[in-house]
Amino acid sequence: GGARYKDPTRPLNARIDDLLGRMTLAEKIGQMSQIEREKATPDVINKYFIGSVLSGGGSVPAANAPPEAWVKMVNDMQGGALSTRLGIPMLYGIDAVHGHGSVYKATIFPHNIGLGCTRDPELVKRIGAAVALEVRATGIPYIFAPCVAVCRDPRWGRCYESFSEHPELVQNMTSIISGFQGEIPAGGRKGVPFVASGGRRNVAACAKHYVGDGGTAGGINANDTVATFHELLSLHMPPYYNAVIRGVATVMVSYSSFNGVKMHANHFLVTDFLKKRLRFRGFVISDYQGLDFITTPEHADYLLSIKLGILAGIDMVMIPFNYTEFIDDLTLLVQNGTIPMSRIDDAVRRILRVKFTMGLFENPYADTSLAGELGKQEHRDLAREAVRKSLVLLKNGKPGDKPLLPLPKKAYGGSILVAGSHADDLGSQCGGWTITWQGFTGNNNLTAGTTILDGIKRAIEPAGTDVVYAGNPDADFVQRNKARFDYAIVVVGEPPYAETFGDNSNLTIPAPGPDVIRNVCGSIRCVVVIVSGRQLVVEPYLDAIDALVAAWLPGTEGQGVADVLFGDYGFTGKLSRTWFRSVEQLPMNVGDAHYDPLFPFGFGLETQPS
Ligand SMILES: OC[C@@H]1[C@@H](O)[C@H](O)[C@@H](O)c2nc(-c3ccccc3)cn21
């Protein structure tokens, strides 16, 4: 009958050995190449034996593309791969880091900083399973998630992608991997790549960014993590222990350096530690142009970059555009003996192991049968539950006052005031990695969701109470009207950002937030809700504020904020990060010898459902 590797009844390693033994160098190097979808025509995939394709942030087949369009795009590319001599299926990857963020009408869940505040690994696992279904709805089998960074400095632009500053909390949240990929069956082998259900309702995951991405000096993105090996192992490595045991299929290398050595060129940490000591058996993927950035300036010596990266132990390269240069240079390096064939074979073996294990050979094509999973109400309800559990109540009533929260749903003075830009801004409440790489602001129809203001209006009992919204009320407006309002809800915060665009050394609430707080809270009992990717400077305003809530980046289900503000549910969230008094204290993390926080790690007031 057909070639042994095509026979799913044969042992995994027999299939790998049979296929590897048939492959030319060009076919092997093709498997190690991941290109951007803009370049990935069926012909290019066929001609260069391309093994993987990605969507970078915001790279979509069309604006507001429905699931069917995604499925068609992925399947057309797959046709190019399956028509090669050996018919090895290609693997399509995308960043689904808080839901299927690039896709129109996907459910957008709270970013990881908020999920860490839920302290609920089971909830987070359920989120992983829901995200996997929404990703599969679009025909995609692989995601560049979860980020398991241990962010040690909130000045880092990616701190919201980190579950916590505390390694143990991040370790607990690796349960999301078992949601994405499926749970290893009882008695099943741990520590080997695992994707359940024959790759129909689960996706291959990616623990990132290996290692120490959250520990860079000053929180400067992609910079240098200066630490002892012991500090690295105790602070940044622990989530990878859990990820490997849970069968994570892939690991992505960090742009950052460890004590001045680029992680993308770090043979000791990638090969000796991750592959040998931790016995990681999946494949290691570079970050986007990660090889180019090994040199300064980037791409200054691509042959050297490839040599260092591949010899360090990188198996798949997120090139992602100039694939002919990569393929030609790697071919040259193998043919002149710089890179031994054994290294190439190890890389290809790992890639094939993941593709066989996840059922990609048996199910290379997607279908539209799961289209209804995208943005399904059950997933939105799950996201709303996550929003409720992620909010942290930091203050509830001034000294001597009775608590302000939960708020009454009726205002006996006739009105309540909602103020602040972030009350009515779906894009800002979602944050980065939403529809585009950097995210968006406003309520345009770029995706579907419920703003915090929408949620407040639905919670308020219609009769006899009107909700007045003012994005940026001045002192005069408040003075003239304050008697009308029983209380005010002030929602301020950060604009969306991603990666280096989020690096920030002052962490002040962006204007006009502080003015809105002062104008409103100076005259009306107020609860301030902060929508942000991290802790911000609040101490100067704290005395004027009656109640303070950290909402992080809640995503599309803004209703969850109203649920706890109005007491349908109690506040239960606990800080996943230390809330500093001032940025001069940073970095300052739980366990530090000198620890003088405004609100400590683990802090969170509770309220009872009313
Ligand atoms: O989207 C793919 C990966 C993602 O998985 C990584 O977490 C992230 O570090 C990343 N940055 C870029 C990227 C950075 C600058 C310009 C263009 C793209 C691309 N990517």
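Numbering starts at 1 and runs along the sequence shown. As the structure lists them, so they are numbered: ligands from 1, and atoms in each ligand from 1.
Both cation-pi conditions hold for R119 and F601: the charged atom is under 6.0 angstrom from the six-membered ring centre and inside a 45 degree cone around its axis.
Considering CD1 of I94 and OG of S59, their distance stands at 7.5 Å, rounded to 0.5 Å.
For E68, the CD atom is densely surrounded, since the number of other residues' heavy atoms within 6.0 Å is greater than 12. Within 6.0 Å of NZ on K376 lie more than 12 heavy atoms contributed by other residues, nucleotides or ligands.
Relative orientation of the F258 and F229 rings is tilted, given thresholds of 30° and 60° on the angle between their planes.
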Can you list every pair where an N/O of ligand 1 is under 3.5 Å from an N/O on the protein?
residue: ligand 1; atom: 1 (O); partner: D95; partner atom: OD2; Å: 2.5
residue: ligand 1; atom: 5 (O); partner: D95; partner atom: OD1; Å: 2.5
residue: ligand 1; atom: 5 (O); partner: K208; partner atom: NZ; Å: 3.2
residue: ligand 1; atom: 7 (O); partner: R158; partner atom: NH2; Å: 2.9
residue: ligand 1; atom: 7 (O); partner: K208; partner atom: NZ; Å: 2.8
residue: ligand 1; atom: 7 (O); partner: H209; partner atom: NE2; Å: 2.7
residue: ligand 1; atom: 9 (O); partner: R158; partner atom: NH1; Å: 2.7
residue: ligand 1; atom: 9 (O); partner: D287; partner atom: OD1; Å: 3.4
residue: ligand 1; atom: 9 (O); partner: D287; partner atom: OD2; Å: 2.6
residue: ligand 1; atom: 11 (N); partner: E499; partner atom: OE1; Å: 3.2
residue: ligand 1; atom: 11 (N); partner: E499; partner atom: OE2; Å: 2.6
residue: ligand 1; atom: 20 (N); partner: D287; partner atom: OD1; Å: 3.3

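Remark: aromatic rings of Y92 and Y142 are distant, center separation not under 6.0 Å.
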